[in-house]
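This report concerns only the one structure given below.
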Amino acid sequence: MPVITILGCRMFEDEIMHLLENDPEIEEVLVVENEDCVGIMKKMAETGLVYTALSPEKIPEKSSEAGKGLTLIVYMLELALHAIPENLKKTVYSKVELMSSCSDGILLFYGLCGNVLGKIEEDFKDLGCQVCILKEENGEIVDDCIGAVLGGRKQYLEVLKSCKGVGTFFLTPMWAVNWREMIRTSGLSQNPDDISMSKFVFDYAGYKRVARLDTGLAYEKDFDACVKEFSTLFEFEVTELEGTLHLIENCYAKTKASVFEACPRSQA
């Protein structure tokens, strides 16, 4: 039975949950147990999705057992990696190497992220395990988690142009509930609880508006409350944006099809 590992930033929790809930070919879900899997495991429990949590060293090697179903391994990584791009690259590369022995394919839920992951597919082309990263139809890697749910770089630019020069901060559901941590890891403020300092930074950067980016997913129940809190604290106007899961779904479907085609164990 083929094995695919989803290795991703916590910002993509909801999108990964969407794939898990809507792929009938998944027969088994394994979660690599660490501090960063707590959120997605909670969502799995709330939706009744059956999974097994295992420490990294307990993840089984690829089996020779044939079958048409799919084993999906979920490995979530910490948000703080974004603070230092080289640390992000080092960590992601090391996890790819680690998971390659138990996976037929690895799909990275990351974008360019400071351009440190732009060559990861090429760097691992001889690994013996297919390594894929979120890409647009034209083969370009997405910029980041916001660009991924807007549909790609073209759509991202169109949205930015529609802002007409007004600095706009984008909040997906996961961004909204984690905005303090993301402000800190992105370097905007060392102490996001110091609202006056964070507000000074936002004002200096020209931010005047927050975009509530609706991905169509409802795993985060406090989305609206968190957007309201954010807009109130920083005195931002709220604007509504509609996201899309097409790019995410397309990348997952392509990775899965490629793995099934290359894996002899998928033929039962």
Side-chain angles (χ1 to χ4, degrees), residues 5-17 32 34-40 56 74-99 106-121 123-124 131-136 140-150 152-153 156 159-160 167-194 197-198 201-202 204-207 210-211 213 215 217 219-220 223 226-227 230 234 243 247-248 251:
T5 291
I6 288 181
L7 181 65
C9 172
R10 276 179 50 211
M11 282 293 105
F12 283 108
E13 265 185 21
D14 290 354
E15 289 75 20
I16 294 170
M17 275 297 303
V32 178
N34 59 18
E35 293 181 359
D36 301 289
C37 72
V38 175
I40 197 164
V74 178
Y75 199 155
M76 306 305 298
L77 298 182
E78 61 183 309
L79 301 178
L81 290 174
H82 291 276
I84 303 176
E86 281 305 315
N87 284 351
L88 172 64
K89 179 178 181 179
K90 182 179 179 181
T91 300
V92 171
Y93 271 57
S94 69
K95 300 308 182 188
V96 167
E97 291 175 346
L98 174 68
M99 299 307 294
I106 298 174
L107 176 57
L108 301 171
F109 271 67
Y110 281 97
L112 288 171
C113 298
N115 210 31
V116 296
L117 299 178
K119 295 185 177 180
I120 193 164
E121 290 187 350
D123 290 342
F124 285 114
V131 178
C132 306
I133 192 168
L134 295 178
K135 290 187 290 188
E136 303 182 33
E140 292 185 355
I141 298 173
V142 299
D143 288 322
D144 51 32
C145 56
I146 301 299
V149 295
L150 283 174
R153 188 167 295 127
Y156 207 163
V159 169
L160 291 174
T168 303
F169 202 88
F170 297 90
L171 291 181
T172 62
M174 278 298 293
W175 255 99
V177 300
N178 293 284
W179 68 263
R180 283 181 169 84
E181 185 175 356
M182 289 305 292
I183 281 178
R184 180 177 57 80
T185 59
S186 64
L188 283 173
S189 174
Q190 291 303 309
N191 181 14
D193 290 322
D194 184 348
M197 178 56 71
S198 296
V201 174
F202 278 130
Y204 184 79
Y207 285 106
V210 57
L213 180 47
T215 60
L217 303 176
Y219 299 109
E220 291 294 343
F223 181 28
C226 290
V227 172
F230 187 88
F234 299 110
L247 187 149
I248 301 287
C251 289

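As the structure is a computational prediction, the values presented were derived from the model and not from experiment.
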Just do the side-chain contact (heavy atoms from CB on, under 4.5 Å) check on Tyr156 and Asp144 with the steps written out, would you?
CA-CA 10 Å; Tyr156 207 163; Asp144 51 32; 3.4 Å; yes
For Ile133 versus Ile120, what's the shortest heavy-atom pair and its separation?
CD1-CG2, 4.1 Å
Spacing of OG1 belonging to Thr185 relative to CZ belonging to Arg180, to within rounding of 0.5 Å:
14.0 Å
Any chance you could lay out the side-chain contact (heavy atoms from CB on, under 4.5 Å) test for Lys95 and Tyr75, step after step, and finish with the verdict?
CA-CA 9 Å; Lys95 300 308 182 188; Tyr75 199 155; 3.3 Å; yes
For the atom pair SG (Cys145) and CE (Met174), what is the distance rounded to the nearest 0.5 Å?
9.5 Å
With sequence neighbours left out, the residues meeting side-chain contact (heavy atoms from CB on, under 4.5 Å) with Asp36 are Arg10, Asn34, Met76, Glu78
What's the separation between atom OG1 in Thr91 and atom CG in Leu7, rounded to the nearest 0.5 Å?
10.0 Å
Under the ring pair (Phe, Tyr, Trp, His ring centres under 6.0 Å) test, which residues partner Trp175, sequence neighbours left out?
Phe169
Show the nearest heavy-atom pair for residues Cys226 and Ala176, with the distance to one decimal.
CB-O, 3.4 Å
To the nearest 0.5 Å, what is the distance between CD1 (Ile16) and CD1 (Ile248)?
8.5 Å
Nearest atoms (heavy-atom pairs only) where Arg153 meets Glu136
N-OE2, 2.8 Å
Heavy-atom pair of closest approach, residues Leu81 and Asn87:
CD2-O, 4.2 Å
For the residue pair Cys132 and Glu121, what are the closest heavy atoms and their distance?
CA-OE2, 3.2 Å
Quick one, Phe234 and Ser198 - any side-chain contact, counting heavy atoms below 4.5 Å?
yes
Sequence neighbours left out, what passes side-chain hydrogen bond (donor to acceptor under 3.5 Å, both in side chains) with Thr215? Give chain and number order.
none
Hey, what do you get for CD (Glu15) to OG1 (Thr172), rounding to the nearest 0.5 Å?
6.5 Å
How long is the span from the SG atom in Cys251 to the NZ atom in Lys135, to the nearest 0.5 Å?
8.0 Å
Sequence neighbours excluded, the answer for ring pair (Phe, Tyr, Trp, His ring centres under 6.0 Å) partners of Phe109 is Phe12
side-chain contact (heavy atoms from CB on, under 4.5 Å) filter on Glu97, not counting sequence neighbours, yields Phe124
Decide if atom CG of Leu98 counts as having more than 12 heavy atoms of other residues, nucleotides or ligands within a radius under 6.0 Å.
yes
Identify which one of Phe202, Phe230, Phe170 satisfies the ring pair (Phe, Tyr, Trp, His ring centres under 6.0 Å) criterion when paired with Trp179.
Phe230
What residues form a side-chain contact (heavy atoms from CB on, under 4.5 Å) with Glu86, not counting sequence neighbours?
Lys89, Val116
Closest non-hydrogen contact found for His82 with Cys113 is CE1-SG, 3.8 Å
Test Val159 against Leu150 for side-chain contact (heavy atoms from CB on, under 4.5 Å), laying out the working first.
CA-CA 9 Å; Val159 169; Leu150 283 174; 4.2 Å; yes
